[in-house]
Amino acid sequence: MRWHTRILRRVAVAAVVVATGTTTALAGPAAPAAAEPELLSQGKPVWASSVENNDPELVAAHAVDGSMATRWASHHADPQWIAVDLGRSSDIQRVEIVWEAAHSTMYGIDVSGDGENWTNIGVVNPADGGTDVLEFTGTGRYVRMFGNTRNNIAGHSMWEFRVYGTPVPEPAEQEPEQEDEEPAKKKEQAQAEPAREPSPSPTPSAAPVVPVPPSPSPSPSARPVPDRKGPPGSVVHYIVKKKQDGTAEKIEGIAERFLGSAGRWKEIVALSKAHRQRDGKFLTDPHQLRPGWVLQLPEDAVGEGVRFGPLPGFTAKSPSPSPTPSPAAAEVSQDRAGQGFRLPPVLLPIGLGLGALLVLAGLVLAGVRLVAAARRRRAAKVTFDDSMLRTDTSAAWTVNHALRALIAACERDGLEVPGVTAVFIEGSALRLRLTNPASPAPEPWTVSEDGQNWLAPLSRLQGAPVSDGSTAQFARLVNLGMSETGRVLVDFSLARGAISLDGSVRARHEVLRRWLGEFTGNPWSGEPRVVMVGDGLPRPDQVEHASAFDQVKSEMEVGEGGVLVLSQPPSSADRDLLAERFADPEFHWVVVVLGSWPAAKWRFTARDDGWLRSGFLPEVRFDEQAAVRRGND
């Protein structure tokens, strides 16, 4: 890979040696001895190459906010980077990165004095996620993590990016040179000089200008504009909410959440200042918002709470009285009212017949509409099929046998069983997508060039010896369906966050039914606890049911975990609670939310034509008959 070669070349020039499995890096002269380094990056300006789906919940600022409940995530592509402005040149002594499940497998740490020209001070290859504590040293104002490759769960994602070091002292101001003339003598010379027009004071020399790095968020033109539909005159807007302390939200926070950068608040002011609010006032001080005020947002705004439609505004309490008609008009109206309109006697039966036909047509049309409305109501109340154990038994046997053959082969050769992100049955072979690159592989497995995939012929696996050991590490592996190249299974435990399932009621219930069948019916899944919260969900014997999330949240602690299904997206408080739980690596629950939820870590859409779509996997057919038919082609 071109980027791989490039970063290693930079390390070689800096006399940095990175051995496989070992992280060692040093560039430039050693930093002077100092006291315990301080955390320099927290709360500082930060920007990144991209934000996953432009999601305001995944912006770069979350990597330096000091919270393990928020994170930054990039687009699902390589390479990606995130950089922080420390505010002044500093001696870097340590960098810490707390990775999310979607982490970089090779990355470098760079420093810069101007935010444009970068010097590499160390490389991590291979990287295995978790928490990296890197004793890299260098000097610069800007520090960047440059991720070359990822583990292909999603993008490059981290909970925290911490830079420790010591700010470089500012140069002391030069003392002015001593005057070699006595004050009295200078005074005499000044009086002897002829009067002159005062010249303008010389402009003091400006401090060295440090080029400003790119804005923490791309400009509006660089962000995709969602395709929205609404009546004529619709605009993107947001209604200011009241915080828990009773005050209104801050405009900088609104800009950060929906536009990706707090610095874009001026764009909101420019769009909203001419709009008269519901209380009759105008936006004059952007830092004094009021709950209920309406702010018009730029077209690229996205996030929960963003609306698209006519802009709500001021409505007068006392409507203007209707104009009084002129006396002449009133006289004509009364004259016409007295005369009325009369049909000639010959046309009266025809008029009555036409009227009866019109009434009959209206009744028929009303009946058709009532029937259609009833059908729509019945469709919206489609009940969930309680026969949940709908697994593909032939595929389950094949995968289970392959997993146990994998365990037996690793035990035979004294190797650690690798973590598996996904399983693909492609033609006559079975491919494992590993969580982290691993090599060598035991027979009959072969390793891909990047070490990320293990491949074995199905014919060899079906006759290979199997292990009777535990398959608990694969317990949340779920068969999604058939793609264009074969069957796809994914480990749901790697989401480390809620998984949303959107689509029509029928389609998403069908997909959910199959997922639950996989969780409870596969030979490697064990017997997980399944809890369903909300209305419109089944109540079979093997599933617990709760009417509200409050009934089960206290039980969702670390341990064996289970599967939680929410009939609707959680509240903001419950979302924060789930984020805290998922930040603990010992938390093993899978949380599925029905409906569209932008804050979900993985998002699936079930279509009525039988296809399941996501942003990080190939489209698959979840319809079993189509899947079996394609598998036999």
Side-chain angles (χ1 to χ4, degrees), residues 50-59 62 67-76 100-103 152-159 224 226 257-258 260 302-306 421-422 476 478 480 490-505 507-509 511-512 514-516 518-519 530-534 536-537 549 552-553 556 561-584 587-607 611-617 619-620 622:
S50 65
V51 173
E52 180 181 343
N53 296 326
N54 292 321
D55 190 336
E57 299 291 335
L58 301 174
V59 294
H62 289 165
S67 171
M68 287 295 293
T70 58
R71 65 184 176 99
W72 163 70
S74 74
H75 288 331
H76 303 173
E100 202 250 349
H103 61 82
N152 273 3
I153 293 179
H156 300 251
S157 179
M158 60 179 65
W159 297 104
R257 191 167 57 216
F258 299 132
V302 291
E304 186 176 357
V306 172
T421 300
R476 301 297 180 261
V478 170
L480 298 181
V490 174
D491 188 347
F492 273 37
S493 66
L494 298 178
R496 302 308 303 165
I499 300 168
S500 68
L501 176 57
D502 193 18
S504 68
V505 174
R508 69 190 186 198
H509 277 190
V511 172
L512 178 61
R514 295 176 185 277
W515 286 1
L516 294 179
E518 294 285 320
F519 283 128
V530 179
V531 182
M532 308 188 106
V533 177
L537 296 175
F549 185 42
V552 295
K553 67 172 63 174
M556 296 184 63
V563 180
L564 174 70
V565 179
L566 302 176
S567 64
Q568 59 185 1
S571 64
S572 58
D574 291 338
R575 179 187 62 191
D576 294 341
L577 172 67
L578 289 173
E580 292 177 3
R581 293 285 195 271
F582 278 112
D584 189 332
F587 183 72
H588 299 305
W589 280 82
V590 171
V591 178
V592 178
V593 177
L594 295 184
S596 176
W597 190 37
K601 297 300 181 284
W602 290 0
R603 296 191 285 273
F604 293 91
T605 300
R607 292 168 25 181
W611 287 95
L612 183 67
R613 175 179 294 174
S614 67
F616 59 97
L617 288 170
E619 291 189 16
V620 298
F622 63 83

Are any side-chain N or O atoms of [X] and backbone N or O atoms of [Y], one a donor and one an acceptor, separated by less than 3.5 Å?
X	Y	answer
S74	H156	yes
R603	P598	yes
R514	F622	yes
S157	H103	no
R496	D584	yes
D55	E57	yes

Distance from [X] atom [atom1] to [Y] atom [atom2], nearest 0.5 Å?
X	Y	atom1	atom2	answer
S493	F582	OG	CZ	10.0 Å
W515	I499	CH2	CD1	6.5 Å
L578	W589	CG	CH2	11.0 Å

Quiz item: Given D502 and T605, is the side-chain contact (heavy atoms from CB on, under 4.5 Å) satisfied, shown in steps?
Solution: CA-CA 5 Å; D502 193 18; T605 300; 4.2 Å; yes
Heavy-atom closest pair, residues [X] and [Y]:
X	Y	result
A507	A606	CB-O, 3.6 Å
G534	S567	CA-OG, 3.2 Å
L501	L512	CD2-N, 3.9 Å
G260	V59	CA-CG1, 4.0 Å
V306	V302	CG2-C, 4.0 Å
W597	P570	CH2-CG, 3.6 Å

Quiz item: Any side-chain heavy-atom pair from V591 and R581 closer than 4.5 angstrom?
Solution: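 The answer is no, as the side chains (C-beta and beyond) never meet within the 4.5 Å cut-off.
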Quiz item: Within a strict 4.5 Å, meaning less than it, do heavy atoms of the F549 and V531 side chains meet?
Solution: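 Contact flag for F549/V531 side chains = no.
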Self-check item: side chain to side chain donor-acceptor pair (under 3.5 Å) partner of E52, the single match among R71, H75, H76
Solution: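 Among R71, H75, H76, the one meeting side chain to side chain donor-acceptor pair (under 3.5 Å) with E52 is H76.
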Quiz item: Can F519 and V590 be said to form a side-chain contact (heavy atoms from CB on, under 4.5 Å), step by step?
Solution: CA-CA 10 Å; F519 283 128; V590 171; 4.0 Å; yes
Practice problem: Measure up the F492 and F604 rings against each other and bin them: parallel (under 30°), tilted (30 to 60°), perpendicular (over 60°). | Solution: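 Rings of F492 and F604: parallel, under 30°.
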Quiz prompt | Charged N-O contact under 4.0 Å between K601 and E100 | solution =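 Salt bridge flag = no for E100 with K601.
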Quiz item: Is atom CD of E619 surrounded by more than 12 heavy atoms (other residues, nucleotides or ligands) closer than 6.0 Å?
Solution: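 Above 12, so yes.
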